[in-house]
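Okay, structure first, notes after.
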Protein chains: 2
Amino acid sequence: MAFPTPGKPVRGSRSGQPIMALFDLLGRSWAMGIIWHLSAGPGTFRALQEYCETISPTTLNKRIKELIQARMVTKTLEGYALTETGEELFKMLFPLGKWAKDWAQNLKENK
Amino acid sequence: MAFPTPGKPVRGSRSGQPIMALFDLLGRSWAMGIIWHLSAGPGTFRALQEYCETISPTTLNKRIKELIQARMVTKTLEGYALTETGEELFKMLFPLGKWAKDWAQNLKENK
DNA sequence: AGCTTTGCTACACTAAATGTAGTGAAAGAT
DNA sequence: ATCTTTCACTACATTTAGTGTAGCAAAGCT
């Protein structure tokens, strides 16, 4: 399966705008979770599988291949790891961790 | 369909950690695209449908309901709009726009 | 009254993800 | 050397998510 390539139509957009290709890529199940996990250091297929709990090996394998094609992940001797591009992306995703907690708290209080 | 609720098991994670609920929510097709579009100002159902090009009304309707439940979107007189929470989220997503362009450029150059 | 726009719903079809099982290769123990 | 584990997947049947086309009721305009 092809990964969402900027400049080409992607799932959800014919325009091929980079941001839409990125949203398509990150929007696939567990893509952000994988990046989140690898930000803590390289991990094996099994480690990712365990971390992701409910991911099927089929999907994990697809997702890894897509992230490699997108140059966000590489295979190293210690397992899969973020590339420099992947690290950059993680740095932008990072604030979401803290924010998500506040969001969760707020939802809880005002339900 | 339920929206990913922090504290409960979500698609892709049984832990219910807020970040995972958020990733599940944003990871559904077009969720980030909708937020991205609404950041420019309120929009009607039809406007969103046009912007999203390939979204089906079925999915758009589901996504809107989920985002409303998650307190990121509300219905106003001028159409659907981001809540304050939604705006906050957008501000964190915003840098991705610029970054996506560089990423696309880089992919193009080194293929 | 008739025409348009809006915000949907219905439904059949396709694509994506899951869950369980199993396979081939490499490393470690006996 | 063979036996067992561990690892990185692949196969495949089932379930869930998303698409695409059609259409409908309510509101606004003329």
Side-chain angles (χ1 to χ4, degrees), chain A residues 1-5 8-15 20-21 23-35 37-38 41-70 73-81, chain B residues 1-5 8-16 20-35 37-38 41-70 73-81:
Chain A
M1 208 208 351
F3 89 107
T5 310
K8 289 188 195 174
V10 294
R11 185 187 62 168
S13 173
R14 297 193 221 277
S15 67
M20 290 307 147
F23 282 167
D24 184 6
L25 181 69
L26 295 182
R28 295 176 179 190
S29 78
W30 272 104
M32 292 190 279
I34 290 169
I35 291 171
H37 181 62
L38 291 183
T44 62
F45 191 94
R46 297 268 160 145
L48 283 168
Q49 217 177 341
E50 201 168 328
Y51 170 75
C52 296
E53 296 179 286
T54 58
I55 201 172
S56 64
T58 318
T59 306
L60 177 55
N61 191 35
K62 265 194 215 166
R63 216 65 345 122
I64 288 173
K65 278 180 185 158
E66 288 163 11
L67 290 171
I68 288 174
Q69 272 193 86
V73 168
T74 20
K75 210 171 184 172
T76 69
L77 291 172
E78 298 124 300
Y80 298 103
Chain B
M1 207 207 351
F3 90 107
T5 310
K8 290 188 193 171
V10 294
R11 185 187 62 169
S13 174
R14 296 194 220 276
S15 66
M20 290 308 146
L22 184 63
F23 282 167
D24 183 6
L25 181 69
L26 295 182
R28 294 177 180 189
S29 80
W30 272 104
M32 292 190 278
I34 290 169
I35 292 171
H37 181 63
L38 291 182
T44 63
F45 191 94
R46 296 268 161 150
L48 283 167
Q49 218 177 338
E50 202 169 329
Y51 170 75
C52 297
E53 296 179 287
T54 59
I55 201 173
S56 65
T58 318
T59 306
L60 177 55
N61 191 34
K62 264 193 215 165
R63 214 67 345 127
I64 288 173
K65 279 180 183 156
E66 288 164 10
L67 290 171
I68 288 176
Q69 273 193 85
V73 168
T74 21
K75 211 171 183 172
T76 70
L77 291 172
E78 298 124 299
Y80 297 103

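All of these numbers come straight from a predicted model, not from anything done at the bench. Each chain gets a letter, A, B and so on, in the order its sequence line appears, and its residues count up from 1.
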> What nucleotide among C:dT20, C:dG7, D:dA8 has an atom nearest to a side-chain atom of A:K75?
Replying inline: D:dA8

> Can you find a pair of side-chain heavy atoms, one from B:H37 and one from B:C52, that are under 4.5 Å apart?
Replying inline: no

>> Tell me if the side-chain of A:T58 makes a donor-acceptor pair with the base of C:dG19, cut-off 3.5 Å, by modelled atom types.
In response: yes

> What is the distance, rounded to the nearest whole Å, between atom CG of A:L60 and atom P of C:dA17?
Replying inline: 12 Å

> Between A:I68 and A:F3, is a side chain to side chain contact (heavy atoms under 4.5 Å, CB included) present by the stated rule, with each step listed?
Replying inline: CA-CA 9 Å; A:I68 288 174; A:F3 89 107; over 6 Å; no

> Atom NZ of B:K62 and atom C1' of C:dA10: how far apart are they, to the nearest Å?
Replying inline: 13 Å

>> Closest approach to the side chain of B:T44, judged atom by atom: which nucleotide of C:dG7, D:dT10, C:dT18 is it?
In response: C:dG7

>> Counting only side-chain nitrogens and oxygens, does A:K65 get under 4.0 Å of the OP1 or OP2 atom of D:dT10?
In response: yes

>> A:I55 vs A:L48, test: side chain to side chain contact (heavy atoms under 4.5 Å, CB included). Steps then yes/no.
In response: CA-CA 9 Å; A:I55 201 172; A:L48 283 168; over 6 Å; no

> Within less than 4.0 Å of OP1 or OP2 of C:dA17, is there a side-chain N or O belonging to A:S56?
Replying inline: no

>> Please report the distance, rounded to the nearest Å, between CD1 in A:I55 and C1' in D:dT16.
In response: 16 Å

> Within this structure, what is the CG-to-P distance between A:N61 and D:dA8, rounded to whole angstrom?
Replying inline: 11 Å

>> Measuring from the side chain of A:R46 (C-beta onward, heavy atoms only), which nucleotide among D:dA8, C:dG7, D:dG20 has the closest atom?
In response: D:dA8

> Given D:dC12, C:dA21, C:dT9, which nucleotide is nearest the side-chain atoms of A:P57?
Replying inline: C:dA21

> Which is it for B:L26 and A:F23 under the side chain to side chain contact (heavy atoms under 4.5 Å, CB included) test, yes or no, and what are the steps along the way?
Replying inline: CA-CA 9 Å; B:L26 295 182; A:F23 282 167; over 6 Å; no

> Roughly, in whole Å, what's the span from CG in B:D24 to P in D:dA17?
Replying inline: 9 Å

>> Expressed as a whole number of angstroms, how long is the span from B:I68:CD1 to C:dG7:P?
In response: 12 Å

> What's the spacing between A:K62 NZ and A:L67 CG if we round to 0.5 Å?
Replying inline: 13.5 Å

>> Is there a side-chain contact between B:R63 and the phosphate of D:dA17, meaning an N or O under 4.0 Å from OP1 or OP2?
In response: no

> Which of these nucleotides, C:dA17, D:dG20, D:dG18, is closest to any side-chain atom of A:T59?
Replying inline: C:dA17

> How close or far is atom P of C:dT18 from atom CD of A:Q49, stated in whole angstroms?
Replying inline: 11 Å

>> Can you measure B:L48 atom CG to D:dT19 atom P for me and round it to whole angstrom units?
In response: 14 Å

